[in-house]
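The sequence lines fix the lettering, A, B, ..., with proteins before strands; numbering per chain opens at 1. Here the structure is a predicted model, which means the values were calculated and not measured.
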2 protein chains.
Amino acid sequence: MSFPPPHRARSRVDVSGEESRAKAVAAATELFALAGYKGTSVAAVAARTGLSQSGLLHHFPSKAALLAAVLEERDRQDGAFLTGSTSPPLGWAAFDALTALVARNSTRPRMVGLFVRLAAEAIEPSHPAHAWVQQHYAGIRTWLGEAVRTGVDRGEFRQDAPVESIVRTTVAVIDGLQQQWLLQPGELSMASEFEAHVSALRARWSSVEVR
Amino acid sequence: MSFPPPHRARSRVDVSGEESRAKAVAAATELFALAGYKGTSVAAVAARTGLSQSGLLHHFPSKAALLAAVLEERDRQDGAFLTGSTSPPLGWAAFDALTALVARNSTRPRMVGLFVRLAAEAIEPSHPAHAWVQQHYAGIRTWLGEAVRTGVDRGEFRQDAPVESIVRTTVAVIDGLQQQWLLQPGELSMASEFEAHVSALRARWSSVEVR
DNA sequence: GTCTATATTTCGATAGAC
DNA sequence: GTCTATCGAAATATAGAC
């Protein structure tokens with residue numbers, strides 16, 4: 001009465017491996033968000049994952065590879081939020097989409113912390129997340145820039161609206177609010193403050209008189 | 001024909017000590033600005049100072065003490081720029097003062113880098129610069145908040161101007177522009193972008209119709 | 001005041017057993 | 001796939017000579 005060694009045996013091992021890997025990425029995300037990349041040790045990630053240091057490094061050849069996996073997962077979760085919609089928001093509607101993004105970030109302090117820490121660390125070109133951070137900013141600038149330009153063409157914005165400045169300051173507001181929000185959790189609403197910024201932009205650059 | 005051992009001998013030693021200390025603070029400022037506090041080793045600061053590691057630690061009992069000296073010097077250089085004027089800028093004039101501050105920062109990438117790195121690192125309460133960063137933000141919020149409230153009282157701003165939001169978003173713009181400026185040096189003018197923000201604020205909240 | 005030498009951790013990564 | 005053991009490098013800090 002022997003049970004046949006099921007395919008599940010092989011399968012279960014694989015699943016466990018996948019689970020360990022996913023757990024490790026989640027643990028690394030949390031710790032990188034709290035202490036940054038340099039401030040987090042592989043051993044700490046391993047401990048939180050429930051593996052030994054070597055056990056963790058079996059899934060990722062190096063600490064930098066672990067970071068790459070974290071960023072990949074971050075992109076996977078966020079990738080389609082702005083650029084992924086089939087009908088891309090255009091004109092002023094782009095700012096409504098951004099408000100929704102900010103509201104969503106307000107429920108994800110870990111992801112916000114991860115970005116703020118890495119963005120500051122990765123200013124240095126030699127940082128393993130440098131290219132990723134630059135691509136992130138380039139992507140947002142392109143998306144929002146095109147949206148505003150379309151708004152100008154459609155007559156939603158004044159014809160003399162300075163597209164690049166609107167884009168730069170809007171991105172700056174989002175980043176700066178995240179810093180303040182992380183430093184004083186609960187003492188400000190990122191979404192409300194961002195809407196105040198959009199309100200000022202509309203007053204200045206909308207083609208219709210709003211105030 | 002012996003030269004009397006002059007008081008200068010004692011004095012010269014002291015001066016040299018003071019100079020080494022000052023050099024070390026300058027070196028630490030540069031390196032902290034480039035790689036942050038955690039990413040900079042005491043040995044690297046010592047090498048740039050022209051001292052051995054132990055020679056440096058003779059002046060500062062610990063790495064944290066070195067950071068404290070860096071922050072103290074930073075405050076000494078910047079302390080009087082905003083709050084130090086005898087007649088504090090009030091109302092919209094406060095934003096002109098901020099524009100001047102941003103323009104000044106545009107010539108001091110090291111100081112900007114230092115702040116951006118430390119602000120992100122020191123979100124964590126256990127970071128040795130945590131209290132300093134919180135005080136920095138509290139100070140700016142108080143100063144700008146009072147200026148805007150005075151502007152409201154004087155009738156320069158609309159009576160329904162949301163003071164706290166104006167303060168928060170203005171601080172956010174400054175911080176966010178610094179991040180972008182450090183990441184892409186030369187590709188944006190912090191002063192121009194900040195003025196665009198102030199322009200939008202005036203359009204929205206000035207008591208006189210400006211646009 | 002500055003140095004050499006060293007103590008003590010901690011880190012990232014590798015080797016090899018199971 | 002995971003572990004123990006370990007290596008080599010780098011970090012902070014201290015001791016003691018000059």
Expected output is a numbered-order residue list: members of [range] with a heavy atom under 4.0 Å from any atom of DNA chain C. What is it?
range: residues 120-129 of chain A; value: none
range: residues 21-45 of chain B; value: none
range: residues 52-68 of chain B; value: B:S52, B:S54, B:G55, B:H58, B:H59

For residues [X] and [Y], determine if any side-chain heavy atom of one lies less than 4.5 Å from a side-chain heavy atom of the other.
X: A:W181; Y: A:E193; answer: no
X: A:M111; Y: A:T29; answer: yes
X: A:D78; Y: A:H136; answer: no

*All salt bridge (charged side-chain N to carboxylate O under 4.0 Å, His left out) counterparts of B:R110, not counting sequence neighbours*: none

*Quick one: salt bridge (Lys or Arg N to Asp or Glu O under 4.0 Å) pairs with a partner in residues 34-50 of chain B, sequence neighbours left out?*
B:E30-B:R48

*asked:* Using side chain to side chain contact (heavy atoms under 4.5 Å, CB included), reason through B:F115 and B:D175 one step at a time and then give a plain yes or no.
replied: CA-CA 9 Å; B:F115 178 78; B:D175 284 350; 3.6 Å; yes

*Run the salt-bridge test on A:R76 and A:E73 with the 4.0 Å N-O cut-off and return the result as yes or no.*
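Yes, charged N to carboxylate O under 4.0 Å.
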
*With sequence neighbours left out, what residues match B:R21 under side chain to side chain donor-acceptor pair (under 3.5 Å)?*
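For B:R21 there are no side chain to side chain donor-acceptor pair (under 3.5 Å) partners, ignoring immediate neighbours.
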
*Taking all atoms of both residues into account, what is the closest heavy-atom pair of B:W143 and B:A97, and its distance?*
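Closest pair (atom of B:W143, atom of B:A97, distance): CH2-CB, 4.3 Å.
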
*Rounded to the Å, how far apart are B:L51 CG and C:dT2 C1'?*
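One finds 7 Å between C1' of C:dT2 and CG of B:L51, rounded.
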
*What class does the angle between the rings of B:W92 and B:F95 fall in, given that below 30° is parallel, 30 to 60° is tilted and above 60° is perpendicular?*
tilted

